[in-house]
Amino acid sequence: MSFFPKNKTGFEDVLNQMQDFGKNDSNWRDGKTWSLVYHAGNEHSDFIKKAYSMYFTENALNPMAFKSLKRFEHEVVRMSAEIFHGAGHAVGTMSSGGTESILLAVKTYRDMANAKKGLIRLPKAISPKPEMIVPESVHVAFTKAAHYFGVKLVVAPLDKQYRVKVKAVKKLINRNTILIVGSAPNYPFGTVDPIEELGQLAERKNIPLHVDACLGGFLLPFIEKNGGDIPLFDFRVKGVSSISADIHKYGFAAKGASVILYRDMSYLKHQFFAEENWPGGMFVSPALLGTRPGGAIAAAWASLTAQGEDGLKEKAALVMKITKQIQEGIKLIKQLEINGEPEAGIFSYRSVDEQINIYAVADILEEKGWHTDRQQKPECLHVMITPAHENVVENYLQDLKEAISIIKQSPEKNKTGNAAMYGMMANIPFRGMIKKELLKVMEEMYSVSGETPTLDNQGQNDLKTIIAQKFLDLRAKFKIF
Ligand SMILES: Cc1ncc(COP(=O)(O)O)c(C=O)c1O
């Protein structure tokens with residue numbers, strides 16, 4: 001089979017094929033997904049698409065060539081600095097998303113520490129590895145950054161409210177610590193770490209503090225402006241040296257837009273890259289990517305400008321209204337409990353009834369068309385509210401209640417299908433083996449055949465389910481766990 005057509009295909013035909021490819025995708029249009037998509041209505045989306053298209057071809061690789069893009073980027077950074085109370089001093093760049101902003105922050109602090117401490121000049125064998133202290137709930141992009149940039153990830157535990165224990169962070173600091181991280185909020189639980197306390201600690205120890213506000217950066221400030229009680233997490237906290245915040249999340253921009261802001265240029269300067277000897281000419285680059293998509297930068301500017309403070313306040317109010325409705329509904333279901341005290345529209349809930357396996361609940365929700373993320377440690381389901389959920393509150397709560405009563409009537413659901421597999425996965429002791437299997441699935445997905453692995457019995461193609469099935473097979477074969 002050949003993929004690359006020998007002959008031309010009409011545009012119309014291509015577009016129809018593309019439409020067809022998407023028919024089994026998660027249904028975000030009807031508010032059925034609880035992650036991945038931030039939809040603020042068709043009118044807003046149509047406008048963002050127009051803004052994107054206007055600068056679709058331009059490239060922010062060279063800010064001198066497209067002064068328009070430089071201006072958009074500058075103004076997005078300035079708007080963000082104002083939102084995070086760093087108007088007169090904070091500087092930064094745009095990036096392609098939360099992960100890039102986080103990678104940039106870690107690289108920046110590593111290089112800054114190297115410049116300060118001269119670690120890089122020590123022979124490799126005795127060179128101490130720089131360390132960063134992160135909460136257990138921190139986004140996995142920090143683990144990736146640690147891996148890419150040779151920084152040791154030191155994980156601090158959470159308290160009962162799913163916020164990092166500041167005392168534990170303090171104990172973990174040593175002379176190799178180059179960075180402390182807190183989230184506002186974290187992805188798994190939606191709780192905000194005690195940034196003020198972390199800030200005091202960071203200041204006392206003279207260690208930079210990065211706040212990962214990728215998820216909540218364009219939501220929390222507007223909840224606060226609406227009168228909500230949000231703990232301080234931005235540049236008003238003196239110890240905060242940088243903030244990452246994604247415009248493609250609650251800023252409702254096109255995908256590919258985030259900002260990384262530093263308190264001042266003394267930090268940002270370590271993010272830049274310059275090479276003077278390349279045959280292609282002298283080269284400088286502000287962020288990780290080479291070519292930087294003009295469309296995403298322009299659409300981010302358009303989204304923030306069109307909405308302004310009033311627009312984002314309205315969206316935040318709507319998100320919080322929906323969040324309250326869903327949380328109150330969940331609180332009425334005695335078998336379920338929300339984890340900790342989430343601050344915004346992101347939270348997770350677990351089962352507190354031994355008769356109800358939360359993963360069996362997820363299975364039933366999925367049968368009813370809800371795309372639901374299963375989490376581990378503790379076993380729970382994730383919810384991320386956007387304006388797209390306004391009209392699904394009743395349906396979701398109804399389906400959730402129904403799921404509980406189905407399981408009560410048919411307890412075998414707790415032990416069969418995906419529920420059993422997820423349960424097993426969460427409790428498997430040999431985590432290294434799981435990692436190996438995860439990587440093998442990637443090899444399959446990115447092989448020449450490129451097939452997304454599916455389970456023969458159910459046609460399921462969720463990555464975690466596939467891995468779980470592999471472990472069931474291994475267990476049957478070797479009887480080892
Ligand atoms: C708290 C937090 N940080 C970082 C990221 C990474 O963002 P991205 O997926 O845009 O790379 C996410 C994504 O959900 C997040 O929730």
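Each ligand, and each atom within it, is numbered from 1 in the order the structure gives. Starting from 1, each residue takes its place in the sequence as its number.
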task: Check S183, S101, S244 against D212 for a side chain to side chain donor-acceptor pair (under 3.5 Å) and give me the one that passes.
output: S244

- prompt: Heavy-atom contacts under 4.0 Å between E100 and ligand 1: side chain, backbone, both, or neither?
  reply: neither

field: ligand 1 versus P185: contacting region, heavy-atom distance under 4.0 Å
entry: backbone

statement: The single option from H74, E100, Q271, E73 that satisfies side chain to side chain donor-acceptor pair (under 3.5 Å) with T93 is Q271

- prompt: What class does the angle between the rings of F72 and W301 fall in, given that below 30° is parallel, 30 to 60° is tilted and above 60° is perpendicular?
  reply: tilted

- prompt: K255: heavy atom below 4.0 Å from ligand 1, yes or no?
  reply: no

- line: At under 4.0 Å between heavy atoms, what of T99 touches ligand 1? The answer is both

- line: Under 4.0 Å from one or more heavy atoms of D246, ligand 1 contributes atoms 7 (O), 10 (O)

- prompt: Shortest non-hydrogen contact from H248 to A254?
  reply: CB-O, 3.3 Å

- prompt: In terms of residue, atom name and distance, what is the protein heavy atom nearest to atom 9 (O) of ligand 1?
  reply: K249 NZ, 3.7 Å

message: Checking a contact table here: which protein heavy atom is nearest atom 15 (C) of ligand 1, and how many Å away?
response: H139 CD2, 3.4 Å

query: Is there at least one pair of N or O atoms, one from L215 and one from ligand 1, spaced under 3.5 Å apart?
result: no

- request: Starting from atom 1 (C) of ligand 1, find the nearest protein heavy-atom neighbour and note its residue, name and distance.
  value: D212 OD2, 3.3 Å

field: F189/F347 aromatic ring centres below 6.0 Å
entry: no

query: How long is the gap from OH on Y52 to OG on S303, to the nearest 0.5 Å?
result: 13.5 Å

message: Can you name the atoms of ligand 1, numbered from 1 with element, that are less than 4.0 Å from a heavy atom of H248?
response: 10 (O)

query: Between W34 and H389, is the gap from one ring center to the other below 6.0 Å?
result: yes

